[in-house]
Amino acid sequence: MTTDTLDIKITQTQNSRLQQTDFANLPFGKIFTDHMLVADYADGEWKNFEIVPYGDIALSPAISSLHYGQAFFEGLKAYKHADGKVSVFRPEKNGARFNKSAERLCMPELPVDLFVNSIAALVDVERDWAPTQAGHSLYIRPFMFATDPYLGVTPSKTYKFMVLTCPVGPYFTKPLRVKFETHYTRAAEGGFGYAKAAGNYGGSMLPFKKAADEGFDQIIWTDAKEHLYAEEMGAANVMFVLDGKLVTPSTRDTILDGITRDTVLTLARDWGMPVEERRVSIAEIVEGAKSGKLTDAFGAGTAATIAPVGAIHHEGTDYTLSEPTTREFSQKVLKTLDAIRYGAAEDTHGWNHLVG
Ligand SMILES: *Cc1c(COP(=O)(O)O)cnc(C)c1O
């Protein structure tokens with residue numbers, strides 16, 4: 001199927017929840033819009049693309065996604081401009097990454113144009129749900145899971161592709177106290193850390209819980225082999241400004257190739273800032289925090305955009321960084337990105353995909 005033949009059946013809800021929704025209080029990922037998109041994969045092709053009222057779906061308890069984790073997701077956002085237009089930020093990149101995850105999990109690819117057009121169709125139906133307040137957006141959650149009711153450990157022959165949307169506000173409201181995680185591992189070489197596979201997140205919950213019990217807001221994952229190099233921060237990429245250079249772990253098997261990460265690197269290069277994508281050691285970060293050469297540190301991801309690190313803990317000591325609102329680089333990134341995403345500045349890179 002190609003886009004020209006993508007025919008989405010739309011069933012409108014009779015009971016919109018839009019009027020009852022409190023847009024001043026939007027906990028992340030808990031409030032869903034009126035509709036969702038559903039499509040099926042069977043007999044070697046994608047079919048039955050439908051937009052239907054949001055709600056429960058019936059599934060066999062034997063589906064292999066529940067037993068063996070053939071499931072993965074994406075995350076992206078739509079923004080409402082002052083003139084009422086709605087745009088989705090860089091959906092083609094998510095579509096490409098969707099297929100990298102699919103390939104690693106032996107799941108069928110979805111042509112990027114079908115991915116993008118499915119999302120655009122749903123967002124167009126839900127455009128009134130896109131919040132207008134600063135820092136708010138419509139979070140989009142595409143996902144795919146195996147639906148064969150079969151307990152054999154083998155790739156399913158049938159799958160569902162679905163998309164949910166949620167109006168959301170700012171993700172983190174305060175600078176984060178983080179520690180380097182040197183016991184647990186998120187991903188190892190040869191594994192699937194680069195895929196947005198559901199199993200990667202299930203495995204992160206115990207380390208997160210333990211860190212939270214110790215008073216930390218997030219952890220910085222380190223490499224599986226030596227636990228000497230920073231890899232990611234929670235479910236976001238990690239970036240540092242060290243001695244005037246933007247420094248971030250280079251992408252590899254163990255690192256999710258983030259679209260926010262790519263966006264921040266692109267802006268930094270536009271501004272002529274030196275950029276280094278390489279292995280980043282705990283030692284140099286701690287050294288930079290001690291000497292004052294570490295002037296910025298943040299997680300980069302769709303949910304939070306920029307999640308400033310307030311303090312880094314290592315081996316019994318907290319290293320407090322500068323107050324986030326005074327940080328030149330991440331503040332400039334946020335301001336520039338907001339201007340582009342909400343349509344107030346020229347979109348020179350063609351990042352906004354307008355819907356409708
Ligand atoms: C989703 C995700 C990111 C960030 O990717 P974006 O495309 O910027 O949202 C980074 N790391 C992990 C582990 C993730 O799941």
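Both ligands and their constituent atoms are indexed starting at 1 by order of listing. Position 1 is the first residue of the sequence, and the numbers go up from there. In this text, all values refer to a predicted model and were calculated from it rather than measured experimentally.
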For atom 14 (C) of ligand 1, closest protein heavy-atom neighbour: Lys196 NZ, 3.0 Å
Lys/Arg N to Asp/Glu carboxylate O, Lys225 vs Asp223, below 4.0 Å: no
Over 12 foreign heavy atoms within 6.0 Å of CD, Glu323: yes
Those atoms of ligand 1 less than 4.0 Å from some heavy atom in Gly258: 5 (O), 6 (P), 7 (O), 8 (O)
Nearest-contact summary for atom 3 (C) of ligand 1 - protein heavy atom, Å: Ala235 O, 3.4 Å
Close N or O approach (Asp257, ligand 1; < 3.5 Å): no
Contact (N/O only, under 3.5 Å) between Gly234 and ligand 1: no
Nearest neighbour in protein (non-hydrogen) for atom 8 (O) of ligand 1: Thr260 OG1, 2.6 Å
Check ion pair Arg186-Glu232 (N to O, under 4.0 angstrom): yes
Nitrogen or oxygen atoms of Asn94 and ligand 1 under 3.5 Å apart: no
Electrostatic pair Asp124:Arg127 at N-O distance under 4.0 angstrom: yes
Cation-pi, Phe192 ring and Arg104 (6.0 angstrom, 45 degrees): no
ILVMFWY network linking Met162 to Met144, side-chain heavy atoms under 4.5 angstrom: no
CD (Gln19) with more than 12 external heavy atoms under 6.0 Å: no
N-O pairing of Asp347 and Arg341 below 4.0 Å: no
Per-atom contacts of ligand 1 with Arg186, taking only distances under 4.0 Å to non-hydrogen atoms: 13 (C)
Contact atoms of ligand 1, heavy-atom distance to Thr302 under 4.0 Å: 6 (P), 7 (O), 8 (O), 9 (O)
Heavy atom of Arg97, distance to ligand 1 below 4.0 Å: yes
Polar contact flag for Glu232 and ligand 1 (N/O pairs, less than 3.5 Å): yes
Enumerated ligand 1 atoms positioned under 4.0 Å from heavy atoms of Tyr201: 13 (C), 14 (C), 15 (O)
